[in-house]
Amino acid sequence: MSNQKQQETPPITFVAAGDTELEREAILEEVLPSPGFPAVAQLVVDAIEKRSEVTVLDFTPQQVNIRFQIDNVWHTMPTMDRETGDFMLATLKRMAGVDYRNRRAHQEGSFRAEYLRVKHSCQIISQGVRTGERIALYIELPKSKVETLSELGMPKSLQEKLAPVLGSDDGMILCCGVPNEGYTSVWRGMLTACDRFLRDFYVIEEESRSEPEVINVTSVLFNEKAGETAFTPMPRLMLKQPNVIAFAEADQAQIINQMIELSEKEIFVPVRIPGKHAADAVARLILCKPDVKELAKQLRAVLCMRTIRRLCTDCRQPFTPHPTLLAKLGLPAGSVRQMYKAFEYEPGMLDENEREIDPCPNCHGIGYVGLTGIFEVLTVGDRFRQAMIQTPHVDHLLAAARTESHLSVRETGVVAVAQGITSLEELQRVLKK
Ligand SMILES: [Zn+2]
């Protein structure tokens, strides 16, 4: 390896695939002098610094297109010429222990990387496609420990609104969100907020879809493939005289009716279902055709969380919102003096002195760093209950909630925009989905 190349390579170390130390070292020795090695090192460092959990490389006859997924959003990166790309891919595959000559078959492999004293396990999946070859590189990134509703970003006022519901002796609460976007986090956050230490608390989960346990909540599994349902474990569970039985999913009328019945027997029943906002979740549940009258009677509240990217506080751009914008957002004139936009960095950008701008060292030019939640806590009142029974369409449910001075997820999102936590563009992106 020439000294030249060593200087170009960022300070990252790798542990290649292999069953023995000898094997792993042999592979590394083989790839180190390769012209593809600095490119791999640069790619992995870029992905780690920008916090890309999934990196997709598309090899076309002319070039390599690179995309990073950061905080659930795809970003297109500068393309790479095909020659560099081919050397890089051969090195990447060799390190992951898969056949680098085979560019058609589906192959999976893994290696490890250490950068700035943090270890990352990296997995690659390669597959030949019509236009060439596609590679997905998954890099495990350190996750900040987010367990409680406060840590997820729920304001105190909403926590106080939710607390009496979570302390109920009976009835139901729905917990909703969009799968893969904080769906598990809000469910865990809600269970964590319940007084798990004072009550006997169980979560019913399908075996193959079970999630990491919450402290002081016993997970009870059933096996769908073996013909079991969420109520198969119930006779045994009832002997333990539970106070709270939570269900991680609900999609069949018969099962939902059993949950409703359970919530009439001095058992509090949290249920999780997908939904873009509270009214959407209730409309979806009603579409499963349960006994709506009983459901309306037993449903105490709906909690919804959507995830939104946080603006980078180092490079966000302040602006004075026009009064018409504030009016459109439902904010009183003069209530917000400053809002923020993300700084949209592009390589080669010049400042007022015609000097090239470096990307922001905090967000690496993305404009956002990490995610936070925007929440909705709908406590079910008479008008909402009536709408559930008579006109269970999303629009009617939304209108009924509004008459009960309920703040929707859009409205709590606008508060986050007014506080400079996120941007209007980001809120619109999240709500459009
Ligand atoms: Zn920044």
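We count residues from 1, following the sequence as given. In each ligand, atom 1 is the first atom listed, and ligand 1 is the first ligand listed.
The Zn ion (ligand 1) lies at 2.8 Å or more from every N, O or S atom belonging to H364.
Atom CZ of F222 has more than 12 neighbouring heavy atoms from other residues, nucleotides or ligands inside a 6.0 Å radius.
The angle that C360 SG and C312 SG make at the Zn ion (ligand 1), rounded to 10°, works out to 110°. Rounded to the nearest 10 degrees, the angle SG (C315) to the Zn ion (ligand 1) to SG (C363) equals 100°.
With a 6.0 Å cutoff to the six-membered ring centre and a 45° limit on the axis angle, R112 does not count as a cation-pi contact of F14.
Of the listed residues (K341, R309, R306, R316), just one forms a salt bridge (charged side-chain N to carboxylate O under 4.0 Å, His left out) with E426, and that residue is R309.
Taking a cutoff of 4.0 Å between a charged side-chain nitrogen and a carboxylate oxygen, E211 and R272 qualify as a salt bridge.
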